[in-house]
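Here is the structure we will look at.
Computed over heavy atoms, backbone and side chain alike; hydrogens, waters and symmetry mates excluded. None of the values given here were measured: they were computed from a predicted structure.
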Amino acid sequence: HPLIAVNQIKDTIFYDNIIVAGEISDDYGITKLNFVYTNNDDILTKIPIEIRDGVTNQEFFFQKNLKDLGLEKGNTLKYYFEVYDNDGINGNKLTKSNYLTLVIPSKEILENNLEKEKRGINKSYEKTLSKSEELKKKLNKLTEELKSKKTLDWQDKAKIEQLLDEHKELKNQLVENQKKKNLNEQK
């Protein structure tokens, strides 16, 4: 019998697509691979997936927009994959993957999640702003200390390095916050 392994990759940002990667194999080669699903009407539908004929071991990638499958926010998709071998003597044998389920959150749940993310981003911005003010005070204090010195000792250099590290960390945090904000706006 043919073997099949699948891995669902969840689109947890937009919930617009089903994405699955997998591997199929058989001693005689593979003749057919299907995506079999049912949406809310409980009718099984098969979608053939293109494969390389006769190859004994191959990977596949399947992506489909959920709207193309007749699904909307708040629906549930139940699916599996079926693979057929190329045994011409005894007849093609079939193996099914495990049944998988994809629950598509309702519009309300998505909006609530989006609001939580916005609040988290705002808190992160506030924290970054606070760190920025703190760093500015440290920099001003160090500047005053160094004005009175003619040469820098190792402690002064260490303080400068620490401030530079804090500045770099702050800058990275701002970039992360901006990425999150941009992603959130896309939703």
**Heavy-atom side-chain contact between D16 and K67 under 4.5 Å** = no
**Prompt:** Aromatic ring centroids of Y99 and Y79 under 6.0 Å?
**Reply:** no
**Asked** Is it true that L174 and L163 fall in one hydrophobic cluster, defined by side-chain heavy atoms closer than 4.5 Å?
**Response** no
**Prompt:** Less than 4.0 Å between a side-chain N and a carboxylate O, is that true for E166 and K131?
**Reply:** no
**T128 side chain near L170 side chain, heavy-atom distance below 4.5 Å** = yes
**Request:** Salt-bridge test for E144 and K147: reply yes if a basic N is under 4.0 Å from a carboxylate O, no otherwise.
**Result:** yes
**Request:** Please answer: with hydrophobic residues joined when any side-chain heavy atoms are less than 4.5 Å apart, are L100 and Y37 in the same cluster?
**Result:** yes
**Side-chain heavy atoms of T56 within contact of Y28, under 4.5 Å** = no
**Message:** Any donor-acceptor pair under 3.5 Å linking the side-chain atoms of S124 with those of N177?
**Reply:** yes
**Message:** Donor-acceptor pair, distance only, cut-off 3.5 Å: does the side chain of N75 make one with the backbone of E72?
**Reply:** yes
**Item:** Heavy-atom side-chain contact between L94 and N92 under 4.5 Å
**Value:** no
**N-O pairing of E145 and K159 below 4.0 Å** = yes
**Any side-chain heavy-atom pair of K137 and E134 under 4.5 Å** = no
**Asked** Taking the side chain as C-beta and beyond, is there a heavy-atom pair between L152 and I160 under 4.5 Å?
**Response** yes
**Message:** Does the plane of the ring in F62 sit parallel, tilted or perpendicular to the ring in F81? Use 30° and 60° as the thresholds.
**Reply:** perpendicular
**Request:** Verify the cluster assignment for I18 and V6: are they in a single hydrophobic cluster under the rule of side-chain heavy atoms below 4.5 Å apart?
**Result:** yes
**Message:** Would you say V36 ends up clustered with L69 if hydrophobic residues are merged whenever their side chains have heavy atoms under 4.5 Å apart, either directly or through other cluster members?
**Reply:** no
**Item:** Heavy-atom side-chain proximity of L146 to D156 below 4.5 angstrom
**Value:** yes
Output side-chain donor-acceptor pairs under 3.5 Å for residues 42-55, partner residues at least two apart or in another chain, one line each.
from	atom 1	to	atom 2	distance (Å)
K46	NZ	E82	OE2	2.8

**Item:** Expected output: side-chain T95 to main-chain V83 donor-acceptor under 3.5 Å
**Value:** no
**Prompt:** Is there side-chain contact between L71 and Y15, with heavy atoms separated by less than 4.5 Å?
**Reply:** no
